[in-house]
Peer 1: 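Please read through the structure below; I'll follow up with questions.
Each ligand, and each atom within it, is numbered from 1 in the order the structure gives. Numbers here are sequence positions counted from 1.
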Amino acid sequence: MADPHLRHRIAVRGQGGGAVLLRTDRRRAVNRPGLWIGTSFKMHKTRAESVAYAQRLHSALGEGIAGVRAFVIPSATSLAEVSGALAGGPVLAGAQNAHWADQGAWTGEISVPQAADAGAAIVELGHSERREHFAETDTAVRRKVAACLHHRLRPLVCCGERAEVFARGGSVDHVLAQVAAALEGVPEGEDGLGRVLVAYEPVWAIGESGRPPEPEEIAPVLAALDAEWGGRVSGVLYGGSVGPGNAADLLRVPGVGGLFVGRSAWDVTGFLEILDRAREYAGSTV
Ligand SMILES: O=C(CO)COP(=O)(O)O
């Protein structure tokens with residue numbers, strides 16, 4: 001959660017006479033209270049499997065890990081039971097999508113109030129799989145962000161460029177445009193941008209057909225996201241082929257405030273290993 005005491009904003013008079021905001025000490029400012037480390041199950045796991053995972057995670061983490069905030073995003077069918085199994089512990093539950101309308105004739109969708117009712121604290125939005133296969137647009141993501149904030153849930157806005165954009169050197173512009181569109185009109189502060197998570201997930205790095213990135217390949221986008229949003233949102237995460245072996249290196253990329261993991265975290269042992277890498281990293285940077 002964004003800490004207003006760490007966010008030093010100084011209003012000064014601009015040369016044109018208008019007030020401008022200078023953000024100082026914004027690097028890691030709001031990320032410092034904790035690294036966000038989470039997983040989405042995508043369309044995997046039965047209810048029984050999801051609950052067993054949540055129970056193991058809940059008991060393994062006890063009171064939690066200093067410097068780390070963990071979350072699990074199961075399928076909608078398992079959300080209520082997973083959030084029940086995680087209740088009272090340090091791990092948050094989330095939904096993989098939610099509609100912008102509170103209710104209505106939207107067959108097949110779930111609303112933000114329904115996700116909240118099922119125990120979601122986070123709603124993932126704009127994942128590249130939803131953009132590609134379900135025609136989720138920047139406009140839809142923006143409306144969903146507004147709905148999440150209205151209901152005081154935390155939107156996790158995914159962004160990322162396809163391989164051809166990366167190959168022609170267009171990653172930074174593409175990702176900044178996606179995030180600017182998603183967050184257009186969101187006010188600064190605790191109930192606005194301070195509640196938002198951004199996950200940079202280059203499409204070429206995601207899933208079985210993706211490849212793990214070299215830290216220097218993702219560094220320019222993360223630096224740009226950090227410069228534009230780092231001190232204003234709750235965290236900027238990296239996702240795409242994260243595993244126990246590369247988690248520490250990816251956390252060291254400047255601007256990274258957490259990790260969003262798929263395959264490597266679907267076995268709870270893998271997620272615990274990644275959380276351990278995050279614990280070590282958080283401990284080394286205190
Ligand atoms: O899409 C992702 C998380 O949402 C990342 O998936 P992988 O970690 O399996 O590449």
Peer 1: May I ask you to list the atoms of ligand 1 that are less than 4.0 angstrom from any heavy atom of H127?
Peer 2: 1 (O), 2 (C), 4 (O)
Peer 1: Answer yes or no: does atom CZ of R152 have more than 12 heavy-atom neighbours from other residues, nucleotides or ligands under 6.0 Å?
Peer 2: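 It does not: R152 CZ has 12 such atoms or fewer within range.
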Peer 1: For atom 9 (O) of ligand 1, what's the nearest protein heavy-atom neighbour? Residue, atom name and distance, please.
Peer 2: R263 NE, 2.6 Å
Peer 1: Does S241 reach ligand 1, in the sense of a heavy atom lying below 4.0 Å from it?
Peer 2: yes
Peer 1: Under 3.5 Å, is there a donor-acceptor pair between the side chain of S40 and the main chain of Q96?
Peer 2: no
Peer 1: Angle class for the F41/Y53 ring planes (parallel below 30°, perpendicular above 60°, tilted otherwise)?
Peer 2: perpendicular
Peer 1: Under a heavy-atom criterion of less than 4.0 Å, does E208 contact ligand 1?
Peer 2: no
Peer 1: Ignoring angles and geometry beyond distance, decide whether I206 reaches within less than 3.5 Å of ligand 1 through its nitrogen or oxygen atoms.
Peer 2: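 So ligand 1 has no N or O lying under 3.5 Å from an N or O of I206.
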Peer 1: What's the shortest distance from atom 3 (C) of ligand 1 to any protein heavy atom, and which residue and atom give it?
Peer 2: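 The closest heavy atom on the protein side is E201 OE2, 3.2 Å.
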Peer 1: Between A205, G239, G262, P202, which one has a non-hydrogen atom sitting closest to atom 8 (O) of ligand 1?
Peer 2: G262
Peer 1: Below 3.5 angstrom, do we get any N/O pair linking S264 and ligand 1?
Peer 2: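 No - when backbone and side-chain N and O of S264 are compared with those of ligand 1, no distance drops under 3.5 Å.
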Peer 1: With a cut-off of 4.0 Å, which atoms of ligand 1 are near a heavy atom of F260?
Peer 2: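 Taking each heavy atom of F260 in turn, ligand 1 has 4 (O) under 4.0 Å.
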Peer 1: Could you tell me if H127 and N97 have a donor-acceptor pair between their side chains, going purely by distance under 3.5 Å?
Peer 2: no
Peer 1: Can you tell me if R47 has over 12 outside heavy atoms packed within less than 6.0 Å of its CZ?
Peer 2: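 12 or below, so no.
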Peer 1: Flag the pair Y200 / F260 as yes when their ring centroid distance falls below 6.0 Å, and as no otherwise.
Peer 2: no
Peer 1: I need the minimum non-hydrogen distance between A101 and H99, along with the two atoms involved.
Peer 2: N-ND1, 2.9 Å
